[in-house]
Each structure stands twice: as structure tokens, then as C-alpha cells.
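So the structure is just underneath, and the comments pick up after that.
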There are 2 protein chains.
Amino acid sequence: MNNNDKKPFPPEENSRRMELVRVAARLFRDQGYERTTVRDLGQAVGLQSGSLFYHFRTKEEILVAVMALGITSTTDQLQQALALARSPREKLAALFHVHLTSLLGDNQAALEVMLYEWRSVSEEARPGLIVLRDRYEALWQEVLDEAAAAGLVKPDTRLLRRTLLGSLHWSVQWYRRDGALTVDQLADRMLELILLTP
Amino acid sequence: MNNNDKKPFPPEENSRRMELVRVAARLFRDQGYERTTVRDLGQAVGLQSGSLFYHFRTKEEILVAVMALGITSTTDQLQQALALARSPREKLAALFHVHLTSLLGDNQAALEVMLYEWRSVSEEARPGLIVLRDRYEALWQEVLDEAAAAGLVKPDTRLLRRTLLGSLHWSVQWYRRDGALTVDQLADRMLELILLTP
DNA sequence: GTCTATAGGGCGATAGAC
DNA sequence: GTCTATCGCCCTATAGAC
């Protein structure tokens with residue numbers, strides 16, 4: 001099976017392809033997409049650079065796969081957490097905890113690549129990723145609207161969504177895992193900053 | 001005069017060099033530093049690519065000059081605005097207005113490059129830029145501490161500084177100049193989101 | 001200060017053997 | 001599915017003329 005008959009964002013069931021995507025996520029995050037060569041990537045997974053092009057048509061296709069993984073797996077985690085939450089307040093907390101865990105936790109470099117490598121995505125590939133991003137942000141919007149209706153946060157929820165996501169995204173620039181705060185503590189304190197009722 | 005006898009971050013008095021930096025800022029912001037070639041830059045200023053290296057030793061030196069310009073000019077503007085402000089509340093507003101004007105206004109691509117191209121800066125060049133960034137953030141910290149003492153914002157000012165700067169930085173990803181909000185209106189509404197007393 | 005010309009190397013991607 | 005070998009291109013930076 002070659003990749004020509006794949007849908008744009010398959011569930012990455014194929015484990016070899018999935019492994020490549022995970023390794024690429026780390027390299028792209030650490031060095032940037034443009035600075036990471038296909039030779040770097042091949043070496044990191046124990047392949048010659050040419051062999052990568054059996055699994056992906058282009059280097060950009062790898063980037064798109066990384067970004068799609070980052071946003072879909074975070075969306076999945078958020079959906080699971082929201083299903084367990086039993087109040088607007090708990091749902092609100094889930095937004096912060098899932099996002100920061102995905103961004104700062106030990107498993108995921110992919111979400112960070114999603115946030116910081118948009119400029120390297122071609123016009124053709126953008127729409128598909130935007131759909132995935134919008135789906136994630138729609139979950140945020142729902143929860144924030146519910147929280148505002150319950151008097152937990154200020155009512156300007158569209159701007160609130162954008163500012164909060166900006167705050168969380170930026171945490172990768174300064175958060176240190178060996179610092180004073182755990183990821184969960186950070187999530188709690190960031191939530192506290194925007195709550196109207198302590 | 002060659003560039004070998006220049007200080008690390010001169011006031012960019014030389015107007016030819018300054019022009020190069022301004023044009024580079026726009027290209028680096030729009031295409032990214034790595035994707036922008038010295039040929040692109042030469043063409044944009046009407047020079048052959050080789051001629052650029054009379055003004056700068058390396059391409060990276062251009063990036064560093066852009067980033068230094070972005071942060072120092074924003075710091076200057078903030079200092080001027082703070083000198084005119086006559087209350088903690090006015091100072092707080094100045095933080096938002098200056099930052100967003102610098103980031104989203106018509107004159108500055110340099111600050112955006114400062115925020116998003118750190119990965120391309122060599123280890124040797126980073127410390128100098130970090131000093132400039134810390135100077136800017138120290139101004140923020142002072143004003144936020146004063147605002148917290150006056151009961152305007154929550155008291156966790158170190159985290160508040162980081163989350164607010166993240167919120168503002170992220171605005172470049174979604175703000176549209178032809179949209180419903182002017183930059184000043186946006187600054188007011190973002191400020192409103194974190195004020196304890198309306 | 002800017003030009004022409006090019007050195008010297010790295011890049012993404014392909015072809016064909018196994 | 002992976003390897004070896006390599007194509008053709010583009011990159012930053014330099015040398016020397018003007």
C-alpha cells in the first residue's frame with residue numbers, strides 16, 4: 001500500500017508512518033521545520049533519507065501529518081475530559097488542564113508544531129488543518145459560553161477564548177518542567193486569574 | 001566604515017543599514033526567516049545579494065538587528081507613554097495600547113519577528129537579545145505590581161505578566177485590520193477582561 | 001558601496017537494485 | 001520497505017573589479 005490512496009488525515013493507523021510522525025514532531029519542535037532536513041529525520045528513525053519518500057510524498061506532507069496529529073489528539077483528550085466533567089466549573093478547568101498537558105506534557109511535541117509552523121504550510125494544505133483547529137476552538141467556545149452564563153467568567157467570551165488560548169500557547173516559551181510549578185498547578189493558577197468568583 | 005567596529009546593538013543610525021533592517025523585518029515576518037533568502041532581501045532593497053554582506057557579516061546578523069529593533073523601539077514607546085500616564089490605571093492601559101500598536105500597527109513587523117524567530121538565533125547572539133527583552137518585561141512587572149497594589153488586578157502579577165503577554169502576542173494570529181475592532185478598541189477590551197473593578 | 005561571478009556545500013526528491 | 005547513488009537546484013558567503 002502506498003500513500004496515494006490515503007485520505008487527507010487518516011487515523012495514522014499504520015504504525016511505521018505513525019512512528020515517523022512522532023519523531024518528526026520532536027525534531028520540528030526543537031529545531032524548526034525549515035531547519036530540520038530529511039537527512040536529520042531519516043537518521044533519527046534509522047532510515048536513509050530517500051526511504052522516507054516511500055511513506056510521504058513530500059517533506060511538507062510530514063509537517064501536515066504532525067500538525068493534524070497535534071490538534072486531533074488534543075481535541076480527543078478534551079472531549080473525553082468534558083464528558084467526565086459535571087459542572088461548568090469542572091468543564092472550564094478541563095480546558096486548561098488538557099491544553100497544558102498536551103502542550104507541556106511528556107508525550108506531545110505535535111501541538112506545539114501546530115501552533116508555530118503555520119507559515120510553512122502551503123495554501124493547499126491549510127484548509128484541512130483549519131477545519132481541525134476550528135473544531136477544537138468550538139469546544140472551547142461552548143464551555144466558555146456555559147461558564148459565562150453561570151457567572152464564572154466575563155461575558156465577552158469570543159475575545160476571552162482568543163486571549164486564553166494565547167496565554168496557554170505562550171506557556172511553552174517560559175514554562176520549565178524542573179521549575180516550581182507542576183503542569184496541573186499551573187493550569188489551576190491560570191484558571192484562577194480569570195475567574196470572577198474565587 | 002565597515003560593520004566590524006560596531007557595538008552589538010547600535011542605535012542603527014546609519015540610514016542604509018536601517019533601511020535594510022526595516023525591509024528585512026517585513027520579509028521575515030511574512031515568509032519566515034529561514035524561507036527568506038538573501039536574494040529575496042537584495043531584490044526588495046534593489047541590491048545584488050552579495051552586496052548585503054558589506055553591511056552585515058551574516059544573514060543571522062540581519063535577524064538579530066531586526067529583533068533588537070523590534071524590542072527596543074517598543075520599549076522606548078512604552079517608556080514615553082508611561083511618563084505621560086498619571087495613575088496606575090492609565091499606566092496599565094499604556095501597556096496594552098503600546099504593545100498592540102507596535103505589534104499590529106502599520107509600522108512594525110520587527111516585534112513580531114522578535115517573538116517568533118527565536119529558534120533561528122544562535123546561542124552566541126541570544127544573551128544580548130534576552131537583556132533587551134528583560135528590560136521590556138521589567139517595565140510591565142513594575143506597572144502590574146502597582147496596579148495590583150491599587151486593587152485593579154489580581155495579585156499574582158508574575159503569572160499575570162506572562163499570561164497577558166501571551167494573549168497580546170497571539171493577537172497577530174487572528175486580528176484583522178479590516179475587521180470590526182480598531183487596535184485601540186481591542187486594547188481596551190483586552191484590558192477590561194482582567195480588571196477587577198469595571 | 002555596489003557589481004559580477006562563483007566557490008563550496010546542503011537541500012528535497014527520484015531511480016532502480018534488492 | 002529499504003538501500004545506494006545521484007540529479008538538479010538553491011543556498012550563504014567570498015573575491016576582486018569598478
Side-chain angles (χ1 to χ4, degrees), chain A residues 1-6 10 12-25 27-28 30-67 113 117 119-125, chain B residues 1-6 10 12-25 27-28 30-67 113 117 119-125:
Chain A
M1 183 177 79
N2 202 324
N3 45 308
N4 287 25
D5 44 302
K6 277 182 178 286
E12 302 288 353
E13 71 293 343
N14 181 323
S15 81
R16 193 76 173 110
R17 193 178 148 105
M18 188 58 158
E19 185 202 347
L20 288 173
V21 171
R22 292 204 181 284
V23 172
L27 290 175
F28 291 169
D30 294 341
Q31 314 179 343
Y33 169 73
E34 301 288 351
R35 296 169 80 89
T36 303
T37 69
V38 292
R39 287 169 175 82
D40 291 339
L41 183 50
Q43 190 166 35
V45 294
L47 284 181
Q48 293 300 312
S49 63
S51 306
L52 297 171
F53 293 91
Y54 173 81
H55 301 279
F56 298 90
R57 265 166 304 195
T58 63
K59 187 188 169 191
E60 194 212 357
E61 192 174 294
I62 306 177
L63 174 61
V64 173
V66 168
M67 291 176 72
V113 175
E117 297 287 358
R119 257 185 328 212
S120 296
V121 179
S122 66
E123 292 298 329
E124 297 76 46
Chain B
M1 182 175 82
N2 202 325
N3 45 309
N4 286 27
D5 43 302
K6 279 180 177 290
E12 302 288 352
E13 71 294 339
N14 184 320
S15 81
R16 194 76 174 111
R17 194 177 148 106
M18 188 57 158
E19 184 202 345
L20 288 173
V21 171
R22 291 204 182 284
V23 172
L27 290 175
F28 292 170
D30 294 341
Q31 314 180 343
Y33 170 72
E34 302 287 352
R35 296 169 79 89
T36 303
T37 69
V38 292
R39 288 174 175 80
D40 292 337
L41 183 49
Q43 190 166 35
V45 295
L47 284 180
Q48 293 300 311
S49 64
S51 306
L52 296 171
F53 293 93
Y54 172 81
H55 301 279
F56 298 90
R57 264 165 304 198
T58 64
K59 186 187 170 192
E60 194 212 359
E61 193 175 291
I62 306 178
L63 174 63
V64 173
V66 168
M67 292 175 72
V113 175
E117 297 288 358
R119 258 183 329 211
S120 296
V121 179
S122 66
E123 292 297 331
E124 297 77 44

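Protein chains get the first letters and strands the later ones, always in sequence-line order, with residue 1 at the start of each. The shown structure was predicted, so the numbers you read here are calculated from the model rather than taken from an experiment. All values below come from the heavy atoms of this structure, side chains included, with hydrogens, waters and symmetry mates left out.
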Exercise for the section: State, yes or no, whether a side-chain contact exists between A:R22 and A:E19 at a heavy-atom distance under 4.5 Å. Expected result: no
Handout entry: Below 4.0 Å: OP1/OP2 of C:dT2 and any side-chain N or O of B:Y54
Key = no
Practice task
Rounded off to whole Å, could you give me the CZ-to-P distance for the A:F53 and D:dC3 pair?
Solution key: 14 Å
Handout entry: B:F28 versus B:L63, closest heavy-atom pair with distance
Key = CE1-CA, 3.8 Å
Fill in the blank from the handout: Within residues 33-42 of chain A, the residues having a heavy atom closer than 4.0 Å to DNA chain D are none
Handout entry: OP1 or OP2 of D:dG1 under 4.0 Å from side-chain N/O of A:S51
Key = no
Exercise for the section: Validate the cation-pi geometry between B:K59 and B:F53: distance from NZ or CZ to the six-membered ring centre under 6.0 Å, angle to the ring axis within 45°. Expected result: no
Handout entry: Rounded distance in Å - CD (B:E61) to P (D:dT14)
Key = 11 Å
Problem - Atom-to-atom span, NZ of B:K59 to C1' of D:dC10 - whole angstrom - result: 12 Å
Handout entry: Phosphate-side-chain proximity, B:Q48 and C:dT4, N/O vs OP1/OP2 below 4.0 Å
Key = yes
Problem - Modelled atom types, side-chain donor and acceptor of A:E60 and A:S120, under 3.5 Å - result: no
Exercise for the section: Measure the shortest side-chain to side-chain distance between A:V21 and A:F56 over non-hydrogen atoms and say whether it is less than 4.5 angstrom. Expected result: yes
Problem - Relative orientation of the end axes in the helix from C:dG1-D:dC18 to C:dC18-D:dG1, expressed as an angle to the nearest 10° (five pairs per end) - result: 10°
Problem - Spacing between A:Q31 atom CD and C:dC11 atom P, to the nearest angstrom - result: 10 Å
Handout entry: Min side-chain heavy-atom separation B:V113-B:Y33 under 4.5 Å
Key = no
Exercise for the section: Go through the steps to decide whether B:I62 and B:L20 satisfy the test side-chain contact (heavy atoms from CB on, under 4.5 Å), and finish with yes or no. Expected result: CA-CA 8 Å; B:I62 306 178; B:L20 288 173; 6.0 Å; no
Exercise for the section: Using atom CZ of A:R57 as one end and atom C1' of C:dG12 as the other, report the distance to the nearest whole Å. Expected result: 16 Å
Completion exercise
Among C:dA13, C:dC3, D:dG1, the one nearest any side-chain atom of B:L47 is C:dC3
Let me check something: any side-chain donor-acceptor pairs from residues 35-47 of chain A under 3.5 Å, sequence neighbours excluded? List them with distances.
{"unit_1": "A:R35", "atom_1": "NH1", "unit_2": "B:E34", "atom_2": "OE2", "d": "2.4"}
{"unit_1": "A:T36", "atom_1": "OG1", "unit_2": "A:L27", "atom_2": "O", "d": "3.4"}
{"unit_1": "A:T36", "atom_1": "OG1", "unit_2": "A:Q31", "atom_2": "OE1", "d": "3.2"}
{"unit_1": "A:T36", "atom_1": "OG1", "unit_2": "A:G32", "atom_2": "O", "d": "2.7"}
{"unit_1": "A:T37", "atom_1": "OG1", "unit_2": "A:R39", "atom_2": "N", "d": "3.3"}
{"unit_1": "A:T37", "atom_1": "OG1", "unit_2": "A:D40", "atom_2": "N", "d": "3.0"}
{"unit_1": "A:T37", "atom_1": "OG1", "unit_2": "A:D40", "atom_2": "OD1", "d": "3.4"}
{"unit_1": "A:T37", "atom_1": "OG1", "unit_2": "A:D40", "atom_2": "OD2", "d": "3.4"}
{"unit_1": "A:D40", "atom_1": "OD2", "unit_2": "A:T37", "atom_2": "N", "d": "3.1"}

Problem - For atom CD1 of A:I62 and atom C1' of C:dA13, their distance in whole Å - result: 11 Å
Practice task
Can you figure out which of D:dT2, D:dT12, C:dG12 approaches the side chain of A:H55 most closely?
Solution key: D:dT2
Fill in the blank from the handout: From CG of A:L20 across to P of D:dG1 the rounded distance in Å is 12 Å
Exercise for the section: Evaluate the salt bridge (Lys or Arg N to Asp or Glu O under 4.0 Å) criterion for residues A:R119 and B:E117: first the C-alpha distance (whole Å), next the side-chain angles of each, then the deciding distance (0.1 Å), finally the verdict. Expected result: CA-CA 12 Å; A:R119 257 185 328 212; B:E117 297 288 358; 2.7 Å; yes
Practice task
Specify the separation, in whole Å, of atom CG of B:L52 and atom P of D:dC11.
Solution key: 13 Å
